S.K.: 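One structure coming up, written as C-alpha cells, with questions to follow.
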Amino acid sequence: MCGLVAVFDSDEYGSAHLDKMCSTIAHRGPDSKGIVILKDNEFQKINSDEKNNINFKYGFGFNRLSIQDLSNKASQPMISDDERYLILFNGEIYNFIELRNNLIDRGHKLRSKSDTEVILKLFQVFGENMLEMINGMFAIVIFDKNKNSFFVCRDRLGIKPLYYYYDKKRLVLASEIKSILIHSKINPQINYTKLNEYLTFRYISGNETLFKNINEVEPAQKIVFHNSNVRKEIYWNINSSLHIGHGKGTLLDSIINSSVDYQLISDVEVGTQLSGGLDSSLIASLAFSKDISKTKSFSIIPEDKEYSEEKYIDYILSKHEFDAHKIKFNIDHFHKYIEQATWHFDQPLSQPNSIGIYTLSKFASNHLKVLLSGEGADEIFGGYDRYCVARIFEKYPFLSSFYNSIRSHKYKRDGSNLEELLIFLSATSKINEIKKINPSCNINNSLGDRKKIFNASNTESFFKTYLKYETKTYLNELLIRQDKMCMANGIENRVPYLDHRLVEFAFSLKNEYKTSTPYLPIFYNASKNTKKILKEYGLNYFDKEFIFRKKMGFSTPLEEFFNQNDKRDYFYGIIENLNRSGILENKLPCNYLTNSNEMISLNTKWTIYALSVWSSVFKIF
C-alpha cells in the first residue's frame, strides 16, 4: 500500500519537481521514498537530497508503506532483471505466494519475497494477460523502456485509486490528484461540465473528476499510453450469467473464509474496523477465529447516543477477546479535521462520516498499519433500503408509473422513467432544490455519465443491472473515501467482501437470495428483506436481534453541526468564500447553512459546505 507518481513531459521536467510531487503524497508511504528517471535510455536513481535538478522526459516516484517483504529488496520503483521494465505498484496481491511458486517452478528466479516482483515477472512472461491471474487490490504502472510506453491498470472493483492528466505533450499519473497539481504546467480548475452532477449526487461518475482535465482510471480498466496513441479497455466484467441455488450457503462459507485468509497475509500486524454492523462484525469474527494473537479492533463511538451503535459493538466484544479500542467522536472533530480530510480526499468531501474514518485511522496508526473493513457487502448482496424499492418496481412495473404520476411538487422524485428513477434514489439533493442555486441544473446534466454506465451494466435482470451500476458508481466513491481517509494516516485498508470471487458469487445468486420483495409493495423494516443470504450466514455467529435490527450505518449529527450558535460567523465565512469563488451561478445568502428553512435539506447544506471548503483548500476561484 503506497503512493506512486509517473511523469512523461516532452518539454523535459526537473527531478526536484518530481521529488516534490512524490513528497506531496508521502503520507501514503511513510517508510521510504524512491525516485528514478530515464536518462540516456538508462534508469537512474536520484537521491532525494540531491541538490542538482536533473532534467528528464520520463520520471518515476514512489512512497512505500512496507507490508510484504520489509527488506530493501522490495523497494520501488522496481526495475526488471533485464532492465527493460519499471514498475510502480500500489496495493496487495493476495495470491502472490502461489503465483511466485509457479514462476519458480517454471525456472524463473526472483530476488525478493514481494508481490511487486511477482507482478513484474508475470508481466514479462504473460504481458497484459497477467491481470486474469491476480487476486487483489491494485493500481499498477509499468513502463516499457524499449517502446517508451506506459501500461496502466486498476483493480476490478476500484479499491485502489489512480488518476492521470494527459495532453499528448505530457502524461502525469499519480495515486492522488494533489500530486498531479504540483506539476508546474497543470493548474487546478473546476470541471464545470460535472458541477451539476456533483451538486445532485455529491460525487462524479465515470472517469472524470471535479478537476478539469484530470481523469480517474476506472475500476477494471487498463490503459496503454504509447507515443500519441491511447488504448483503453475494461478487462473484467461481473459475470452474472450463472444462477446458484443449491449449496449456496456452503459456497459462501468457503469463499468468504478464503478471502479473509488471503487478506490476513501480511508481514505486519492486521487489525479490524468494528462498527457494530453485521458486515464489519462478521469480518472481525472470522479474522479473530483464524488469528492466534489477540486481534486489535477499532471503533468510532459518537458522543450523541442517538447516532451510537456502541451497544452492538459491545455485543461483539463480549463474544471475542479483542484488544478493543474505542475512539470518541463529536461535532468538534468536523471543525478540527475538515480541511485536512478534504485535502486528503482531493475532491469535496462526499460523505460526512469520512471525518469519522479519518479520526479512527489517525488513532489506529499509533498501533498498526493494516485494517480490515466491511465495505462492499451492501452493494454486492443488496443491503440498502433503495434495493427493496428496485425489487418492488421490477416485480410491479405499474407502481413506478403510478408513483411518478401522483407525486407532489414538494416531494417530487427526479426521473421520467424507471431507469432514471432508480439512479436518482441515491441522489442527495433534488434537482428543483439545486436549480435555486444553479439554474442550469436539469436531469440531463445532473445525470452525467450515469445512464451510460447503467446501460453498460445490462443483465438479464433489471434489479441485478441496478446493483451492477451501483458497484461502478456509488461503491467506487465509498472505496476512494475508505482508501484516502486511511492512507492519510499510513493505514492500509483491506476489504474482504470485494474479493472478485465473492463478488461474482454474489451476482450469480438469484435475486431473492439477496433482496426479497415484501408481500405488500411497502416495507416497514427493510432489514428483513435485504442482504438475505449474508444475514442467514450471520446466524451462525450472532443473535437474530443483532442481525435483523433496522439498518443505521455511520450517521452524523448534521443538524447539530449547522445549528451551533457560536459557529455562525464561521458558517457565514464559508458561504462568503463560495460566493467569492464564483463557482455557483447564484450567490447564496450568508445564512444559507444556518437557516432552519425546511426547504433546504441537511444533505444539500453539506454539499454546499463541502464544495466551499474544497474550493478554499485547493484555491479554486
Side-chain angles (χ1 to χ4, degrees), residues 1-2 31 65-71 74 89-101 112-116 118-119 134-138 155-157 159-160 251-275 277-299 316-317 319-325 360-361 364-365 367-377 380 479 482-483 486-487 490-503 505 534 537-538 540-542:
M1 190 72 70
C2 309
D31 293 331
L65 181 67
S66 303
I67 304 293
Q68 297 291 160
D69 188 345
L70 309 184
S71 73
F89 161 59
N90 168 33
E92 300 290 347
I93 303 303
Y94 298 119
N95 63 335
F96 82 97
I97 295 175
E98 300 100 290
L99 294 171
R100 185 177 188 276
N101 291 337
S112 74
K113 295 182 180 179
S114 71
D115 48 358
T116 305
V118 170
I119 299 170
I134 59 180
N135 179 331
M137 55 180 185
F138 50 85
D155 64 69
R156 296 170 178 87
L157 278 302
I159 304 167
K160 304 312 300 166
L251 190 52
L252 172 60
D253 181 67
S254 173
I255 299 174
I256 197 170
N257 274 282
S258 173
S259 177
V260 172
D261 282 339
Y262 265 151
Q263 300 199 27
L264 286 172
I265 295 173
S266 172
D267 289 336
V268 298
E269 185 179 0
V270 179
T272 66
Q273 285 181 237
L274 183 61
S275 69
L278 170 64
D279 304 338
S280 68
S281 298
L282 191 53
I283 293 299
S285 297
L286 290 171
F288 181 88
S289 67
K290 300 169 187 299
D291 196 354
I292 297 173
S293 63
K294 199 171 185 181
T295 303
K296 289 185 175 71
S297 69
F298 298 86
S299 306
I316 301 300
L317 296 178
K319 299 175 74 66
H320 304 292
E321 293 184 9
F322 287 121
D323 180 3
H325 299 268
L360 182 148
S361 66
S365 65
H367 299 268
L368 39 64
K369 291 182 177 180
V370 182
L371 286 175
L372 304 180
S373 78
E375 205 74 81
I380 68 170
L479 291 172
Q482 192 75 33
D483 172 87
C486 288
M487 289 305 293
I491 291 285
E492 173 177 289
N493 180 252
R494 297 182 177 183
V495 282
Y497 288 114
L498 296 182
D499 182 309
H500 70 276
R501 299 169 301 164
L502 190 54
V503 174
F505 164 82
L534 196 65
Y537 180 71
N540 295 315
Y541 299 88
F542 313 124

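Keep in mind that this is a model prediction, so the values were computed, not measured.
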S.K.: Applying side chain to side chain contact (heavy atoms under 4.5 Å, CB included) to L368 and V270, what does each step give before you reach the verdict?
M.R.: CA-CA 7 Å; L368 39 64; V270 179; over 6 Å; no
S.K.: At what distance, to the nearest 0.5 angstrom, does NZ of K296 lie from OG1 of T272?
M.R.: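 Interatomic distance, K296 NZ to T272 OG1, rounded to 0.5 Å: 11.0 Å.
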S.K.: Of all heavy-atom pairs between P496 and L372, which one has the smallest distance, and what is that distance?
M.R.: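 Heavy atoms of P496 and L372 come nearest at CG-CD2, 4.3 Å.
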S.K.: Ring pair (Phe, Tyr, Trp, His ring centres under 6.0 Å) with Y537: which residues, sequence neighbours excluded?
M.R.: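 Partners of Y537 by the ring pair (Phe, Tyr, Trp, His ring centres under 6.0 Å) criterion, ordered by chain and then number, come out as Y541.
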S.K.: Can you tell me how far the CD atom of E92 sits from the SG atom of C2, to the nearest 0.5 Å?
M.R.: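 Reported value, rounded in 0.5 Å steps: 8.0 Å.
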S.K.: Looking at N135 and N95, would you say the former's side chain and the latter's main chain have a donor-acceptor pair under 3.5 Å?
M.R.: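 No; judged by distance alone, with no hydrogens or angles, the pair does not exist.
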S.K.: Can you tell if the side chain of F505 reaches within under 4.5 Å of the side chain of I256, non-hydrogen atoms only?
M.R.: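 With C-beta onward as the side chain, the pair stays apart.
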S.K.: Please confirm whether the backbone N or O of I491 pairs with a side-chain atom of S365, one donor and one acceptor, at under 3.5 Å?
M.R.: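 Flag not set: sc S365 to bb I491 has no pair under 3.5 Å.
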S.K.: Which pair of non-hydrogen atoms, one from R100 and one from S112, has the smallest distance, and what is that distance?
M.R.: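 Looking at all heavy atoms of both residues, the closest pair is NH2-O, 2.9 Å.
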S.K.: Given side chains that start at C-beta, do those of L360 and L371 come closer than 4.5 Å, heavy atoms only?
M.R.: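 Yes, side chains in contact.
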S.K.: Going by distance alone, is a donor N or O of one side chain under 3.5 Å from an acceptor N or O of the other, for D499 and Q263?
M.R.: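 Not at all, the side chains of D499 and Q263 share no donor-acceptor pair under 3.5 Å.
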S.K.: Salt bridge or not between K113 and D267? Use side-chain N to carboxylate O under 4.0 Å.
M.R.: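 D267 and K113: not salt-bridged.
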S.K.: Check for a donor-acceptor pair, side chain of S285 on one end and backbone N or O of S281 on the other, with a separation under 3.5 Å.
M.R.: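 Here the side-chain-to-backbone pair exists.
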S.K.: Measuring from I159:CD1 to N90:CG, what's the distance to the nearest 0.5 Å?
M.R.: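 One gets 11.0 Å once the value is rounded to the nearest 0.5 Å.
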S.K.: Anything under 30° is parallel, anything over 60° is perpendicular, the rest tilted; go ahead and classify H320 against F288.
M.R.: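 It falls in the tilted class, 30° to 60°.
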S.K.: Applying the side-chain contact (heavy atoms from CB on, under 4.5 Å) test to N493, which of M137, Q273, M487, K160 qualifies?
M.R.: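 Single side-chain contact (heavy atoms from CB on, under 4.5 Å) partner of N493 among M137, Q273, M487, K160: Q273.
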S.K.: CG/L282 to CG/L534 distance, rounded to the nearest 0.5 angstrom?
M.R.: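 Between atom CG of L282 and atom CG of L534 there are 5.5 Å.
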S.K.: Of all heavy-atom pairs between S297 and F322, which one has the smallest distance, and what is that distance?
M.R.: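 Closest pair (atom of S297, atom of F322, distance): OG-CB, 3.8 Å.
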S.K.: Taking the side chain as every heavy atom from C-beta outward, state whether L498 and D155 have any pair of such atoms under 4.5 Å apart.
M.R.: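 Heavy-atom side-chain distance check fails, nothing below 4.5 Å.
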S.K.: Between I93 and V118, does the side chain to side chain contact (heavy atoms under 4.5 Å, CB included) criterion hold? Intermediate values first, please.
M.R.: CA-CA 9 Å; I93 303 303; V118 170; 5.9 Å; no
S.K.: Which is it for Q68 and I265 under the side chain to side chain contact (heavy atoms under 4.5 Å, CB included) test, yes or no, and what are the steps along the way?
M.R.: CA-CA 8 Å; Q68 297 291 160; I265 295 173; 3.7 Å; yes
S.K.: Would a distance-only check, ignoring hydrogens and angles, find a side-chain to backbone donor-acceptor pair under 3.5 Å from D115 to F96?
M.R.: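 No, the answer is negative, given that no donor and acceptor are paired below the 3.5 Å cut-off.
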S.K.: When you look at I283 and V260, which way does the side chain to side chain contact (heavy atoms under 4.5 Å, CB included) test go after all the steps?
M.R.: CA-CA 7 Å; I283 293 299; V260 172; 4.1 Å; yes
S.K.: Within this structure, what is the NZ-CG distance for the pair K369 and D31, rounded to the nearest 0.5 Å?
M.R.: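 It is 3.5 Å, given to the nearest 0.5 Å.
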S.K.: What's the spacing between L99 CG and I134 CD1 if we round to 0.5 Å?
M.R.: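 Between atom CG of L99 and atom CD1 of I134 there are 8.0 Å.
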S.K.: With sequence neighbours excluded, what pairs up with F542 under the ring pair (Phe, Tyr, Trp, His ring centres under 6.0 Å) test?
M.R.: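 F546.
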S.K.: Do S299 side-chain atoms and L274 backbone N/O form a donor-acceptor pair below 3.5 Å?
M.R.: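 Answer holds: yes.
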S.K.: Determine the minimum heavy-atom distance between R494 and I67, stating which atoms define it.
M.R.: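 Taking every non-hydrogen atom into account, NH2-CG2, 3.4 Å.
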